[in-house]
A.B. asks: 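Got a structure here, written out as structure tokens. Questions coming.
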Protein chains: 4
Amino acid sequence: MAKGDKQEMIIDAALEVFRERGYANARMADIARRAGVSYGLVYHYFGSKEVLFDLIVETWWNDLYSMMNAEKASSDAFRDKLIHIIRFFLDTYVQRPNLISIFVSEVCRSSVYHTREGLARFLKFFSLCEEIMLEGQQKGYLKKDIPPHHLTYIFYGAIETFISVMVLGKEPLTKKRQERAVNAIMEVFMDGAKAA
Amino acid sequence: MAKGDKQEMIIDAALEVFRERGYANARMADIARRAGVSYGLVYHYFGSKEVLFDLIVETWWNDLYSMMNAEKASSDAFRDKLIHIIRFFLDTYVQRPNLISIFVSEVCRSSVYHTREGLARFLKFFSLCEEIMLEGQQKGYLKKDIPPHHLTYIFYGAIETFISVMVLGKEPLTKKRQERAVNAIMEVFMDGAKAA
Amino acid sequence: MAKGDKQEMIIDAALEVFRERGYANARMADIARRAGVSYGLVYHYFGSKEVLFDLIVETWWNDLYSMMNAEKASSDAFRDKLIHIIRFFLDTYVQRPNLISIFVSEVCRSSVYHTREGLARFLKFFSLCEEIMLEGQQKGYLKKDIPPHHLTYIFYGAIETFISVMVLGKEPLTKKRQERAVNAIMEVFMDGAKAA
Amino acid sequence: MAKGDKQEMIIDAALEVFRERGYANARMADIARRAGVSYGLVYHYFGSKEVLFDLIVETWWNDLYSMMNAEKASSDAFRDKLIHIIRFFLDTYVQRPNLISIFVSEVCRSSVYHTREGLARFLKFFSLCEEIMLEGQQKGYLKKDIPPHHLTYIFYGAIETFISVMVLGKEPLTKKRQERAVNAIMEVFMDGAKAA
DNA sequence: GATGAATGAGAGTTCATTCAT
DNA sequence: TATGAATGAACTCTCATTCAT
């Protein structure tokens, strides 16, 4: 068996166990058993529970930043950028449900993660989001009387709640529901919920 | 010292400790020390860590349900109901910061709290929110092509993110900032962020 | 059972276990079992293996320093001071064999104990010893051409080896043997081993 | 690279690591890393940590016994034999500091080494020393009223303490200091510290 | 009501050793 | 000869909870 295989098996097992039990209640023994490797091998490769967890979380943030940077740099229409961001979260929910569950349950609000470093991660994401909102304002797509960080909170908050509800309810996400969610968020965010 | 005093001191201490360290890392000994009582007494009154935590969380949910029911039953203008809901969260942040921090960090996303009961709490709140949104649609205030639960997620998501950012950044909330937040959420939710 | 009782029982058990197995191989479980208390109680009182060990070692050093200071301050004849020092070690061997075994096996040479603090302990003792030797030189009892620290090493080395051999061989020490040891050390140290 | 090279590199690395961390805290992985080989190779050559340690200690004892036997058999003056013994220890300190540090810290007092075999090693050395002392008495160089084993303890104790102090303080040993140490030990041991 | 001594299951981590390649 | 992945027993320490006083 190749070296990479077992490392990946451990990561996959960790994703499952951290999602199911949360960081605090996840046992390294569970992860090892789930991965089908011995107790010590998890430590051989990852050193500690915290390192293993951080590695997983790191993955998430890097993916998120990559996507955000790509959107920022992209020449797509402003409206499409927002749609891409929403879709990124929904796609991740479909393709990597464990990862996004961990993000929702263990990272985005966890007091355990409220360290300086944890805060910095968020600020970096919000900052990228704000830049896109600012661009939207400058190009005349968005109202200028609402500060970009407020726009960010409202836009991101909508996405996060959609995701959280699905995580909580362990709901499947069909293509159809996905599109409805995108449309709902975009319509309300851009045009408002008020009846014409 | 009256009986009630010590019980309250323990609850207050628990609020602080749960907020500072999170449920998993909070020690009963910490709570007892903070309250200035022996840890036997904490058990005497509250039975277990879980019961103590649930009691606190119960407080939050009951306050939230009361407010929501009051708004539902109220004859206030629809727009004002939404404003009242936003203000409830922001006021709680100002007046009971520990309580809302615990809600944000330990309840609303915590996998620990993802029990059937935890889910039910949320669904009840969302259900109340949906009823208000539905009323808004029926009375002609809100668009009818967006399902009420979607409206709920977007509206509540915006509020929760505002609160979460403040909790994470331990930011103070002045009256002025409070009003700006209310206005930003209301304007985007009702009229959208799109430039005219 | 009084509080002090169990603490003392744990200390006594620790003395035995540390002597029998050495610091590194002593298990906290052994100490608890030997003391007839639960595992957790050892931690309740002493916090960690290291703290428990340090407490024991501290006892030894404090006794040693007290004795040395008393001798330094005493108005006894110089020769008697040396005898008292030798007797202190031999008496401790008889009365607190575990303590002196731990000193010999785990402290006086242990690399584990070669921290800055460990070194300081020794230097303090040697320093007290040197002061006595210096006094002996100044009062005309000892040759002045040998530096006091060399006198210290030779005098103390003789004592320590006597003790170590007994510890290693687990030899009993009768009054008679004790006196012979005192006499041998004193005679060689003061008058030399050379035949007249 | 020749076979012998790697074996030697491992032994040298082991000397360093055992000295720095002590037997209990030395890790086979440390030794392998220090030697620049995989830790499988350490096992390939030496079988176990204990075997590797014993091999090193064996080296020391054999050198010591060889020296002692040579002195016993030698036709040198009695006084010179004692000087040679002292010099052997001091020279080893200069030439093989790791070896003598391990002896001082991990062997001569270590409870880990208080096995039957460990005791036997010592007794053999003391026995050789006693024979020399006895010879000194029989030839009229040493007083006959002090048992040879007592003379041994005092003589050896002086040497060991000099060495130990240097090991503890990681002191360098110049030729000059070496001679002063030899003279101090010889003068006190033979003629006593008492002022004329 | 009130205390804190006492318990012990459980979790993370270490590291000597084995073994397939 | 040489590697380092893989194993798992052993050990320290934590902390919710119980209970005698």
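Reminder, nothing fancy here: chain letters follow the sequence lines and each chain counts from 1. Any value given below was found using the heavy atoms of this structure, including those in side chains, with hydrogens, waters and symmetry copies removed.
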A.B. asks: Taking CZ from C:Phe46 and C1' from E:dA6, how many angstroms apart are they, rounded to a whole number?
C.D. replies: 14 Å
A.B. asks: OP1 or OP2 of E:dA6 sitting under 4.0 Å from any side-chain N/O of C:Tyr43?
C.D. replies: no
A.B. asks: In whole angstroms, how far is the C1' atom of E:dA11 from the OH atom of A:Tyr23?
C.D. replies: 12 Å
A.B. asks: Flag this pair as yes if the NZ/CZ of C:Lys49 is under 6.0 angstrom from the six-membered ring centre of C:Tyr23 and inside a 45 degree cone about the axis; otherwise no.
C.D. replies: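 Checked: cation-pi criterion met.
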A.B. asks: Consider side-chain contact (heavy atoms from CB on, under 4.5 Å). Of B:Ile102, B:Ile100, B:Leu99, which one does B:Arg19 pass it with?
C.D. replies: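 The option that passes is B:Ile102.
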A.B. asks: Just how far, in rounded Å, is C1' of E:dA6 from NZ of C:Lys6?
C.D. replies: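 The distance from NZ of C:Lys6 to C1' of E:dA6 comes to 6 Å, rounded to the nearest Å.
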A.B. asks: Would you please indicate if the ring centroids of A:Phe122 and A:Trp61 are separated by under 6.0 Å?
C.D. replies: yes
A.B. asks: For B:Glu50 and for A:Ser38, locate the closest nucleotide of DNA chain F by heavy-atom distance; then report the residue assigned to the nucleotide nearer the 5' terminus.
C.D. replies: A:Ser38
A.B. asks: Please determine, for E:dT21, whether a Watson-Crick or G-U wobble partner exists with both distances under 3.5 Å, and give it or none.
C.D. replies: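 Because both required distances fall under 3.5 Å, E:dT21 counts as paired with F:dA2.
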A.B. asks: When you match C:Gly36 and D:Lys49 each to their closest nucleotide on DNA chain E, which lands nearer the 5' end?
C.D. replies: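 Checking each residue's closest nucleotide, the 5'-ward one belongs to C:Gly36.
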A.B. asks: Let's test this: given Watson-Crick or G-U wobble pairing with both distances under 3.5 Å, identify the partner of E:dT13.
C.D. replies: F:dA10
A.B. asks: Can you identify which nucleotide, out of F:dC13, F:dA5, E:dT14, has its nearest atom closest to the C:Tyr39 side chain?
C.D. replies: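 Looking only at side-chain atoms, C:Tyr39 lies closest to F:dC13.
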A.B. asks: DNA chain F: A:His44 or B:Gly47, which has the more 5' nearest nucleotide?
C.D. replies: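 It is A:His44 whose nearest nucleotide is closer to the 5' end.
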A.B. asks: From CZ of C:Phe18 over to P of F:dT12, roughly how many Å is that when rounded to an integer?
C.D. replies: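 One finds 9 Å between P of F:dT12 and CZ of C:Phe18, rounded.
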A.B. asks: Would you kindly give the CE-to-C1' distance between D:Met28 and F:dG4, to the nearest whole Å?
C.D. replies: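 My rounded result for the distance is 14 Å.
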A.B. asks: Where the side chain of C:Leu41 is concerned, which of E:dA5, E:dT17, F:dC13 is the nearest nucleotide?
C.D. replies: E:dA5
A.B. asks: Specify the closest pair of heavy atoms between D:Ala24 and C:Ala24, including all atoms of both residues, with the distance to one decimal.
C.D. replies: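 So the two residues come closest at CB-CB, 3.4 Å.
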A.B. asks: Counting the atoms with a prime plus P, OP1 and OP2 as sugar-phosphate, which does A:Ala26 contact under 4.0 Å by heavy atoms, base, sugar-phosphate, or nothing?
C.D. replies: sugar-phosphate
A.B. asks: Looking at B:Tyr65, B:Phe103, B:Phe125, B:Phe18, which hits ring pair (Phe, Tyr, Trp, His ring centres under 6.0 Å) with B:Trp60?
C.D. replies: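 The option that passes is B:Phe103.
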A.B. asks: In whole angstroms, how far is the P atom of E:dA16 from the CZ atom of D:Arg27?
C.D. replies: 8 Å
A.B. asks: Rounded to whole angstrom units, what separation is found between the CG atom of A:Asn25 and the P atom of F:dA16?
C.D. replies: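 Between P of F:dA16 and CG of A:Asn25: 12 Å.
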A.B. asks: Provide, to the nearest angstrom, the distance between the CZ atom belonging to D:Arg33 and the P atom belonging to F:dG4.
C.D. replies: 12 Å
